[in-house]
Number of protein chains: 2
Amino acid sequence: MSGAVRDDLPHLDKAGRPTLATVATLAGVHPSTASRALSSSLKGGVRVGSADTVGRIRRIAEEVGFSRNLHAAGLRTQRTSLAGVLVPRLTDLVLATIYEGIDEEARHRGYQTFVANTNDDEAERASKLAMLLARQVDGIVLGDARIDDDEIIEQLQARHVPFVLVSRRSQRHPSVTCDDYAGGRLAAQHLLELGHRRVAVIAGEEYASTGLDRTRGFADACREAGHPLAPELVVPSPFDVAGGRHACQQILNTPGPPPTGIFAVNDFAAIGALGTLRSTGATAGRDIAVIGYNDISLASELPLPLSSVRSPLHEMGAEAMRLLLAGMDGEEMTSRTLRPSLAARESTLGVSTPV
Amino acid sequence: MSGAVRDDLPHLDKAGRPTLATVATLAGVHPSTASRALSSSLKGGVRVGSADTVGRIRRIAEEVGFSRNLHAAGLRTQRTSLAGVLVPRLTDLVLATIYEGIDEEARHRGYQTFVANTNDDEAERASKLAMLLARQVDGIVLGDARIDDDEIIEQLQARHVPFVLVSRRSQRHPSVTCDDYAGGRLAAQHLLELGHRRVAVIAGEEYASTGLDRTRGFADACREAGHPLAPELVVPSPFDVAGGRHACQQILNTPGPPPTGIFAVNDFAAIGALGTLRSTGATAGRDIAVIGYNDISLASELPLPLSSVRSPLHEMGAEAMRLLLAGMDGEEMTSRTLRPSLAARESTLGVSTPV
DNA sequence: TCGATTGGCGCAAACGATTGGGCAGATGCG
DNA sequence: CGCATCTGCCCAATCGTTTGCGCCAATCGA
């Protein structure tokens, strides 16, 4: 354990903390020697000094509670061991989980992450990105890409900052995503097998590839089975509870026979839909089937356990970080797609087979 | 919009990005002049140059897409405009919401935040804290304090880094919390008024003031009403769905008549309890009342809307940041306590009055 | 005994931005 | 017209760390 900071040491910084010079002076060596002794990454041709000296320096550093000023080090080395992460919102459990995967993998590899919310807002994205660049991040993970992203990404490319998209893809840029199209098909197959013929989709934001691909996969599977979706039953929505509630309302207000099943491209939206159904008297899970997406941990614990398409969120974040690190090492970056799977529960299974 | 980075400018940095010298050279002035022209904080006695020069410099900076290297600036000024935030986990919606409040207020005041998960683990706390200090944060918000925290906090005090606790308090250290004791009483009064006499508590982690205070308030109110808690019906648990599920199991396994109501000091734990109740055949919200804490946005949308004690999470984070900023300005730091309120819903109201 | 080799460290120049001090030229006043 | 004052800008030092280069002393071989 590093001892208390003493106030009578030589070469303290303005805040009274020991610097490299403090350690060097105490050890009777030159700061450069101390730097080498304390540098963990003793790469290739660097000569590091005698084991004796190194040991002494390390011990003294420990004693006085020295910790390297990362700003100074970053200034000198042009590398910060810092990766920037942009997400729509950390209060979205899906993104928070992905971020945990990113951060865990980053720390594992000696990097730290700097995360910022963009609220899916263009101006905020620009300003948060500028902030990350000003902090000299070594690379960036974008969790809030739009399907037709250009400006932001071109900026990154122009500055030669390695980057990777996660969760949402955009054009041909390197990304790590779940196979959302396949996931949409899984949901459709499940509902079709249960006998549903008229189903609605709560489709998510129109700029996010996640919602688009899931919806497309779902629609394709339905059409191939000979039961194409009614276009008016596919309604966009924000990826949250309130969004799902409104979308479900809109679905129920649509003329024609009500759907017997609803696919929400996001679990929170699905929960919102459950809320709407409940207040209209229809019993979700008995009169109408509901299936969500992502299989957040809550889904299985709800009073009505929610069927969902599971996507490996944590793993997706970790994989994105691995890809980014590879890119920073100058390797080729090739996108990866992870496989979704189905978690069938009572919110669909409990529905008696419709006509 | 900042233009593309050109490659033929003078004094670019190693990564090809324009530096202050680039702008200065282009404007035909000395870097120091450029620095002053671009420094937003034109405090007191600083002479800033003619409006003419300043305008020209600003325009050129914009044109070449200059952005100040915050590491270099921080090194020189000894201030980083960076506040560190330590939380147990960002995937805990409660903490994520508090963090958003912190971050929003920070940016509002020209600061950025650097957040890290500690998983409520002692070793991880130490290492994440060291990391924040190495990054020279100007202050720290601790969202994962323990009731008897010592080592960590003493370290901060020794280094003269301003800090504030949020959500959880510890001893007399400056903190911003919800009045958890009062919140516990609110929950108790609600259940008592509904006629419950034998109730159980899912009490949270034993090192967190939140769970402790809420439980204490609840227990005191029950005792004062002449219906003291049965000690074996007060069980600790992690603040998550799985924790609530297990705790509820334990409660149901306790000998003696089953409780007619359950108070969970956390909404997720409450949801876990709902899950357990469901699988035992008891119908929560009709046979047994459940009330949670925090009133997360999900609570009202659940298939069985969950009663909860609402705490102003976002506001709590913002207030903590305000307090920290005051502390950084050398002002006295006095703890603040925000008021909780009751949100009564079907999970308690739907229960027919017990004997 | 002497030159060649090598290991261990010190020297000093960066990295990019900031800021107190100071120097010229313009302006004001009598 | 002389002197004081002010305005606008530049100089140079500084923050803490890293690293290529080169010096010195010890070791080795002949």
Side-chain angles (χ1 to χ4, degrees), chain A residues 9-25 27-57 61 64 66-81 133-136, chain B residues 9-25 27-57 61 64 66-81 133-136:
Chain A
L9 300 173
H11 296 287
L12 297 176
D13 72 1
K14 291 269 174 69
R17 287 192 289 221
T19 71
L20 197 53
T22 312
V23 176
T25 307
V29 299
H30 193 271
S32 64
T33 307
S35 171
R36 281 183 259 258
L38 295 172
S39 129
S40 46
S41 58
L42 19 135
K43 54 221 146 179
V46 194
R47 296 180 299 166
V48 72
S50 70
D52 228 35
T53 316
V54 170
R56 182 162 37 97
I57 292 172
V64 301
F66 167 75
S67 86
R68 171 197 274 92
N69 181 328
L70 293 179
H71 287 140
L75 182 58
R76 177 64 229 262
T77 60
Q78 306 286 343
R79 300 189 331 102
T80 53
S81 301
L133 293 175
R135 292 227 175 259
Q136 315 294 116
Chain B
L9 300 174
H11 296 287
L12 296 177
D13 71 1
K14 291 271 174 66
R17 287 191 289 221
T19 69
L20 196 56
T22 312
V23 177
T25 307
V29 299
H30 193 271
S32 64
T33 307
S35 170
R36 280 184 253 259
L38 295 172
S39 123
S40 47
S41 58
L42 20 134
K43 56 222 145 175
V46 195
R47 294 178 301 166
V48 72
S50 69
D52 227 36
T53 317
V54 170
R56 182 161 40 94
I57 292 172
V64 301
F66 167 74
S67 84
R68 170 199 272 90
N69 181 327
L70 293 179
H71 287 141
L75 183 58
R76 178 60 230 261
T77 59
Q78 307 286 343
R79 303 190 328 104
T80 53
S81 301
L133 293 175
R135 292 227 175 259
Q136 315 293 118

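Remember, it's a predicted structure, so these values are computed and weren't measured experimentally. Throughout, protein chains are lettered first and strands after them, A, B, ... in sequence-line order, and every chain is numbered starting at 1.
- Summarising the geometry, atom CZ belonging to Arg17(A) is positioned 8.0 Å from atom CG belonging to Asn69(A); distances are rounded to the nearest 0.5 Å.
- The nucleotide whose nearest atom lies closest to any side-chain atom of Thr33(B) is, among dG10(C), dC9(D), dA17(C), dC9(D).
- Across all non-hydrogen atoms, the minimal contact from Arg135(A) to His71(B) is O-CE1, 3.1 Å.
- Interface remark: the Arg36(B) side chain does form a donor-acceptor pair with the dG20(C) base, using a distance-only criterion of under 3.5 Å.
- With rounding to whole Å, His71(A) atom NE2 is found 12 Å from dT17(D) atom P.
- Using modelled atom types, one side-chain atom of Thr25(B) and one backbone atom of Ala21(B) make a donor-acceptor pair closer than 3.5 Å.
- Rounded to whole Å, the distance from CZ on Arg79(A) to P on dT19(D) is 9 Å.
- The backbone N or O of Asp13(B) sits nowhere less than 3.5 Å from a side-chain atom of Thr19(B) that would complete a donor-acceptor pair.
- Pairing each heavy atom of Phe66(A) with each of Leu20(A), the nearest pair is CE1-N, 3.3 Å.
- What you find for Thr22(B) and His11(B) is that their closest heavy atoms are OG1-O, 2.9 Å.
- One interatomic measurement links the two molecules: CG of Leu12(A) to C1' of dT17(D), which rounds to 16 Å at whole-angstrom precision.
- Following rounding to the nearest Å, Arg17(A) (CZ) and dT17(D) (P) show an atom-to-atom distance of 11 Å.
- Side-chain contact between Ser35(B) and Arg68(B) is absent, with no heavy-atom pair separated by less than 4.5 Å.
- The interatomic distance linking Leu70(A) (CG) with dC15(D) (P) rounds to 19 Å, in whole Å.
- Ser35(B) has no side-chain polar atom (N or O) that falls below the 4.0 Å cut-off from OP1 or OP2 of dT19(C).
- Atoms CG (Leu20(B)) and C1' (dT19(C)) sit 13 Å apart, rounded to a whole Å.
- Put simply, CZ on Arg135(A) is 15 Å from C1' on dG16(C), counting in whole angstrom units.
- The separation between Asn69(A) atom CG and dG16(C) atom P is 16 Å, rounded to whole Å.
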Are any protein N/O atoms closer than 3.5 Å to N/O atoms in nucleotides 12-15 of chain C? If there are, list each pair with its distance.
from    : atom 1 : to       : atom 2 : distance (Å)
dC15(C) : O3'    : Gln78(A) : NE2    : 3.0
dC15(C) : O2     : Arg76(A) : N      : 3.4

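- Of all nucleotides listed (dA17(C), dT17(D), dC9(C)), dA17(C) comes nearest to the side chain of Ala73(B).
- Where Ala51(B) and Ala21(A) meet DNA chain D, the nucleotide closest to each residue was compared, and Ala51(B) sits on the side nearer the 5' end.
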